[in-house]
4 protein chains.
Amino acid sequence: MLEPVLNKTREKLMLATEHLLYTDGLARLTTRAIAREAGVAEGALYHHFKDKAALLLAIVRDRMSDFREMLDGLPLQVGQRTVRENLEQVLQTAYGSQHKIAPILCSLFADRKLLASVQKTLAECGAKPQYPVEVVAAYLAAEQRLGRVAQDIVPRAAAQSMIGGGFHAAVFDHLLGQELSAASPRRRAQETVRTALSGLEPRVSDTCPVRATGA
Amino acid sequence: MLEPVLNKTREKLMLATEHLLYTDGLARLTTRAIAREAGVAEGALYHHFKDKAALLLAIVRDRMSDFREMLDGLPLQVGQRTVRENLEQVLQTAYGSQHKIAPILCSLFADRKLLASVQKTLAECGAKPQYPVEVVAAYLAAEQRLGRVAQDIVPRAAAQSMIGGGFHAAVFDHLLGQELSAASPRRRAQETVRTALSGLEPRVSDTCPVRATGA
Amino acid sequence: MLEPVLNKTREKLMLATEHLLYTDGLARLTTRAIAREAGVAEGALYHHFKDKAALLLAIVRDRMSDFREMLDGLPLQVGQRTVRENLEQVLQTAYGSQHKIAPILCSLFADRKLLASVQKTLAECGAKPQYPVEVVAAYLAAEQRLGRVAQDIVPRAAAQSMIGGGFHAAVFDHLLGQELSAASPRRRAQETVRTALSGLEPRVSDTCPVRATGA
Amino acid sequence: MLEPVLNKTREKLMLATEHLLYTDGLARLTTRAIAREAGVAEGALYHHFKDKAALLLAIVRDRMSDFREMLDGLPLQVGQRTVRENLEQVLQTAYGSQHKIAPILCSLFADRKLLASVQKTLAECGAKPQYPVEVVAAYLAAEQRLGRVAQDIVPRAAAQSMIGGGFHAAVFDHLLGQELSAASPRRRAQETVRTALSGLEPRVSDTCPVRATGA
DNA sequence: AATGAATGAGCTTTCATTCAT
DNA sequence: GATGAATGAAAGCTCATTCAT
């Protein structure tokens, strides 16, 4: 009665589901297990969600909201602050979200029903380019036009690398059951952006006898 | 008698499995369906593979062999040819393999038994750094020591981006059911390497007068 | 509402299982057959029992409860009533129980999983001497110390014979599909005890002139 | 060629089967396991035996031959030597055989097809009273008529106890996975016979003053 | 005689979903 | 809204037996 929101069955089901997803994986995510973890009856799930797929979808949407907001705001940052700051902020959020939704997203391969649901939802939910890589690529292209990004790079390739790198790390973290991508989202975002910005090619300043690492 | 190899039951099972995996997903990948698709009895599967997990593993291993070989040869390329050539070659192979194995890899999230099997196999199959990102990162670090790669970038971040970008593209291609990553592996590898090499920061040669992005 | 207990699914499953066990044997005792016989769905079995082994174990335990109680009370009878009465009572109960559980017990040989389950349960269920022969042997030894049983006999041999004789009869009754041990448990208990008490050696009173059997 | 008998496939199959039966139980006694253990192909079994049941039956018959001979000779011992000697010899052989065939016999409960086979075989193989208990009971009755056994005991009860006791011990030895019936067949036979001969009732010679045990 | 890949019916078990209470 | 027993289809896997070689 004191926590009218958190104690709601619907909320309990979502929290329980998320918890089980991270601890046991989708294969063990049975409606029975969810109900037990949530402390409610099995049937209760069907009062709040059409079916199991709807429950998962609700979680994906909920856990992506931060990221979505960040993406929605990215076009407004074109020409603002520094490219470095903008990219770091977006990647940091992306890496956090990816860690949460990667296992769910990947699991979709195992269940065509869920996959179909999500495909439909993804298609109808976003007006235009709801796909993170697209948004970042569009941002980079816009900055390119402003001269704040090099002319000879491929925006989509850069976006794909930075976003995709985080996704890959998240997937393998879960796959191998440990934190392989050792660093925090924040640090990884910084390193990734710094590396992407300066490029791999050695600078003139790199006088082979080594001048090294800082600007 | 003209195709003594392809007509073997074992081969038929692997091909059927791969086909079903791409068309129906792991959820529909029942031993019964595999047998029907392969045109053999269900029990035959268990003559050639310990269980369903072993069958999937065999496919993953088989489809990754090109990639694996490429990775194994990468350390030998340190200091050879150009960094661009080496990276392009490795990424092209990676992108091709990823397209084949990403859905299988992701599906593992849905089945702890399969996951456990694969983790064991992955652990024992590779002597040391069997993880592609590690290999590429090690390569970049080596080139860095030779002065063929900029001193101030983070090898691991670069490797993670380039390899992970391809993985992400493969996953979403399959997820959304279409070729989102429009370009061919070859073209994507080239674009990715070019972008990564030169970096996002605008060059002095870049006509734009702006000072841009730096710290 | 008059028989609230017997109509319960759990009860129906146990009765159906017992019935099938006697009519068809363990080999035909499939979960499908049990469900059909009980008039419930196959899945219902798994609401009431962890698995098939647990169901069988429940039956064994239930059908042995009479016997178990009798055994538990036996130590208290030492020195009470007559040895004849005590043994007759225990054997009568034993013979009844054995007829019910012998086929189940024997069937365990055919299924290591069931066997392991039962061994565990048997080990943990009984405080100390849960093995009938031990209990009866201990009783006889106690009576021996009171002088109510001959000094020169081996209590364990006597117990093994009396208990084991019933078991053997039960097994072969079921094996040969007919009532070979013609007499009722009561009558058999009486005959066995009378024979065991007086011994095979001819008495002086036995009119026959022969001296016979001695060492 | 040097060991023309033991190297025969048929012999190897029987030995392998017996070995597996004692180590793994009937549940693990698959035709594949037998073939592997025997070092022959799976199909070979069906060249030498009609089916798996026939193989088991052959083993039962073979391993009981000692006991069978002993039983067949028992009627001829009536009035010969001492009752004690005759019983000890028969029981010692019985206890040895029972240890070998008890697990097979019991396993029959799990397979009606095998059971039916054996019932048929048992029925047709013995002219008259092929059932051990019957034979021993008949022997005791005969000795009773000669006055070498007490008049007031029930031969069938005595036979059932002595034979059945051994069977029970053999079954539980296998069931519990250890040698519970600690003593050797020889020693157990001696103790059983001594106890059965003298009876449980205390003798006058027994120092204890009590009169005890029933009318 | 011997082989062993192939068969396929049949097993135990799981689990999303329903519905009477 | 909440409950949880019941459902029953479908899964992965086993194994006695056959048969082309």
Side-chain angles (χ1 to χ4, degrees), chain A residues 8-10 13 27-36 38-53 55 111 113-114, chain B residues 8-10 12-13 27-36 38-55 111 113-114, chain C residues 8-10 12-13 27-36 38-53 55 111 113-114, chain D residues 8-10 13 27-36 38-55 111 113-114:
Chain A
K8 288 286 209 30
T9 298
R10 187 188 152 90
L13 284 167
R28 296 255 168 92
L29 188 74
T30 66
T31 51
R32 173 166 300 185
I34 294 172
R36 195 187 325 113
V40 301
E42 252 186 279
L45 193 156
Y46 295 88
H47 288 292
H48 295 281
F49 301 94
K50 190 180 131 286
D51 57 12
K52 198 178 143 187
L55 167 58
D111 194 326
K113 241 162 77 192
L114 286 180
Chain B
K8 287 291 202 35
T9 297
R10 188 187 152 92
K12 286 198 278 186
L13 284 167
R28 296 261 167 84
L29 188 74
T30 65
T31 52
R32 205 150 293 173
I34 293 172
R36 196 188 324 115
V40 302
E42 224 177 321
L45 193 157
Y46 296 90
H47 280 286
H48 296 282
F49 303 95
K50 193 182 128 285
D51 56 14
K52 197 178 142 185
L55 167 57
D111 194 325
K113 247 163 68 194
L114 291 181
Chain C
K8 289 291 203 36
T9 297
R10 188 188 152 92
K12 287 198 280 186
L13 284 166
R28 296 260 167 85
L29 188 73
T30 67
T31 51
R32 200 154 297 172
I34 293 172
R36 196 187 325 115
V40 301
E42 224 176 323
L45 193 156
Y46 295 89
H47 281 286
H48 297 282
F49 302 95
K50 193 181 128 286
D51 57 13
K52 199 177 143 185
L55 167 58
D111 194 326
K113 246 165 68 194
L114 289 181
Chain D
K8 288 286 208 34
T9 297
R10 186 187 153 92
L13 285 168
R28 297 258 168 89
L29 189 73
T30 64
T31 51
R32 172 164 301 184
I34 294 172
R36 194 185 329 113
V40 302
E42 254 185 277
L45 192 156
Y46 295 89
H47 287 292
H48 296 280
F49 302 95
K50 192 182 129 284
D51 56 14
K52 199 179 142 186
L55 167 58
D111 195 327
K113 241 161 78 192
L114 287 180

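Quick note on labels: first sequence line is chain A, next is B, and so on, each numbered from 1. Keep in mind that this is a model prediction, so the values were computed, not measured.
- In this structure, dA9(F) forms a base pair with dT14(E), meeting either the Watson-Crick or the G-U wobble geometry with both donor-acceptor distances under 3.5 Å.
- When each of Tyr46(A) and Leu45(B) is assigned the nucleotide of DNA chain E with its nearest heavy atom, Leu45(B) is the one assigned upstream, toward the 5' end.
- For the pair Lys50(C) NZ and dT13(E) P, the interatomic distance rounds to 8 Å; values are reported in whole Å.
- Between Ala33(D) and Arg28(D) the shortest heavy-atom distance is CB-O, 3.8 Å.
- Position along DNA chain F of the nearest nucleotide to His48(C) versus Ala41(A) favours Ala41(A) as the more 5'-ward residue.
- When each of dA6(F), dG8(E), dA1(E) is scored by its nearest atom to the side-chain atoms of His47(D), the top-ranked nucleotide is dA1(E).
- Minimum heavy-atom separation, Ala44(A) to Val40(A): CB-CG2, 4.1 Å.
- For Glu42(D), whose side chain is taken as the heavy atoms from C-beta onward, the closest listed nucleotide among dA16(F), dT3(E), dG10(E) is dA16(F).
- Computed from coordinates, the Phe49(C) CZ to dA6(F) C1' distance equals 15 Å when rounded to whole Å.
- The residue among Ala44(B) and Arg32(A) whose nearest nucleotide of DNA chain E lies closer to the 5′ end is Ala44(B).
- Leu13(B) and Leu45(B) get closest at one heavy-atom pair: CD1-CA, 3.7 Å.
- Phosphate contact (OP1/OP2 of dC15(E), side-chain N/O of Thr31(A), threshold under 4.0 Å): absent.
- Rounded to an integer number of Å, the gap from Ile34(B) CD1 to dA10(F) P is 17 Å.
- Leu13(C) places its CG atom 14 Å from the P atom of dT13(E), with the value rounded to the nearest Å.
- Contact detail for Asp51(D) and Tyr46(D): the closest heavy-atom pair is CA-CE2, 4.0 Å.
- Rounding to whole angstrom units, CZ of residue Arg28(B) and C1' of dA9(F) are separated by 14 Å.
- Of the side-chain N and O atoms in Thr9(A), none sit less than 4.0 angstrom from OP1 or OP2 of dG1(F).
- Residue contacts for Leu29(C): at a heavy-atom cut-off of 4.0 Å it reaches the sugar-phosphate backbone alone, with no base atom in range.
- At whole-Å resolution of the value, CG in Leu55(B) and C1' in dC13(F) are 14 Å apart.
- Minimum atom distance to the side chain of Thr30(C) is reached by dT12(E), of the listed dT12(E), dT3(F), dT17(E).
- Of the nucleotides present, dC19(F) is the one that pairs with dG4(E) by Watson-Crick or G-U wobble criteria, both distances under 3.5 Å.
- Contact record, Arg32(D) with His47(B): NH2-CE1, 3.1 Å, taken as the closest heavy-atom pair.
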